[in-house]
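To keep things clear, I will list the structure first and then write my remarks on it.
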Amino acid sequence: MASHLSRMGVPQEERPTILEKLFHVVQAAVPGGHIFVLIADVTVRLLGSFNDHGNIAHPLRESSIIKIHVNKLCFKTYEIRDIDYHIISSTDTVASESLETYRVKFIPATRSSIEGLQRVRLDSLEEPTIKQNLSCSICMNEFAQGGVDQLITHLPCSHRYHVVCIIRWLETSHVCPLCRYPLPSVEDGEPSNS
Amino acid sequence: MQASRARLFKEYKEVQREKVADPDIQLVCDDSNIFKWTALIKGPSETPFEGGIFQLAFAVPEQYPLQPPQVRFLTKIFHPNVHFKTGEICLDILKNAWSPAWTLQSVCRAIIALMAHPEPDSPLNCDSGNLLRAGDIKGYHSMARMYTRLAAMPKKG
Ligand SMILES: [Zn+2]
Ligand SMILES: [Zn+2]
């Protein structure tokens, strides 16, 4: 094992620590099973030379794999390139900071397609329609539970929603929440303010 | 804000009712903040995550359900579509394919499905994605299994 570490260019003084860690893992591992060793602390300029996947389109992204056979235990050493780790640690804080402000950018429906929606009062709908489509998938409230004067609409795909609910959604995104049927979107070329 | 609260309260009641129906998901709302939830999900069977219990953290935005909840793994998991350090999940329904018809409960189901069917072509964990893309199913399985044992299973002794 020590010779493999030396071949990998691991500095002499780092080796005992790594071996100690390895020993720890080996003790806890199931006998005869595979042991995977992730040497994450090691700097890794050496890795390129061990790369098995040089022909892959993004050779830089491939981690190299060295198979080391020690008696009957099969060690596979996965080395993670230092570059990857630097990237991870530097974006880490950014990721958690931007978490609060992160918003998905959807493509809204056009103003005219929203205004063109048919609006009907609940009590003017035929009973079976309400029974078939029990609740509005946006607010999750059952149509039957609301007042008879609540306004309901259906999209061209015939999915029904509360008017207030679907307008809020279509102003966000132009697809039907249930089947993704697309309404004309502001990116289709039609002006958003007609 | 009001709409999101009402909707989350609706989901809360739904979860209480469905609890028995879905034994693989335990979704809990924070005592003091309805916008913070955690979930415990069972690793799907016949995957390297079988037998593991994985914790997810939900941060629900005020615009919910017009905007998706932000979900991440709190339990370490070796999976191509989960960031190994932050637990961030790459899943289309949490991004552009979001729809308000999804619920926190159904998002959990989608994450369980993702655990069983990784997408190595959009990896957040390159090492994991590379193993699968290189066809090293055994290597992927062993690594994922190792982390399931280490992080998602009760410690022995
Ligand atoms: Zn509604
Ligand atoms: Zn539809």
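Naming: A, B, ... by sequence-line order, numbering from 1 per chain.
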| What part of A/T172 lies closer than 4.5 angstrom to a heavy atom of chain B: side chain, backbone, both or neither? | side chain
Tell me the closest heavy-atom pair linking [X] and [Y], and the distance in Å.
{"X": "B/A101", "Y": "A/P177", "answer": "CB-O, 3.6 Å"}
{"X": "A/I138", "Y": "B/P65", "answer": "O-CG, 3.5 Å"}
{"X": "A/R180", "Y": "B/N96", "answer": "NH2-O, 4.0 Å"}

| At what distance, to the nearest 0.5 angstrom, does CD of B/Q63 lie from CZ of A/R168? | 9.5 Å
| field | Separation between NZ of A/K105 and CD of B/Q67, rounded to the nearest 0.5 Å | value | 8.5 Å
In one Ile/Leu/Val/Met/Phe/Trp/Tyr side-chain cluster, 4.5 Å: [X], [Y]:
{"X": "B/L40", "Y": "B/I112", "result": "no"}
{"X": "B/W102", "Y": "B/F9", "result": "yes"}
{"X": "B/I53", "Y": "B/I111", "result": "no"}
{"X": "B/I93", "Y": "A/L178", "result": "yes"}
{"X": "A/L117", "Y": "A/V163", "result": "yes"}

| query | In terms of heavy-atom proximity below 4.5 Å to chain A, should B/W98 be classed as side chain, backbone, both, or neither? | reply | both
| said: Quick check: do B/P61 and A/R103 have side-chain heavy atoms less than 4.5 Å from each other? | reply: yes
| query | Is the CG atom of B/D31 crowded by more than 12 outside heavy atoms at less than 6.0 Å? | reply | no
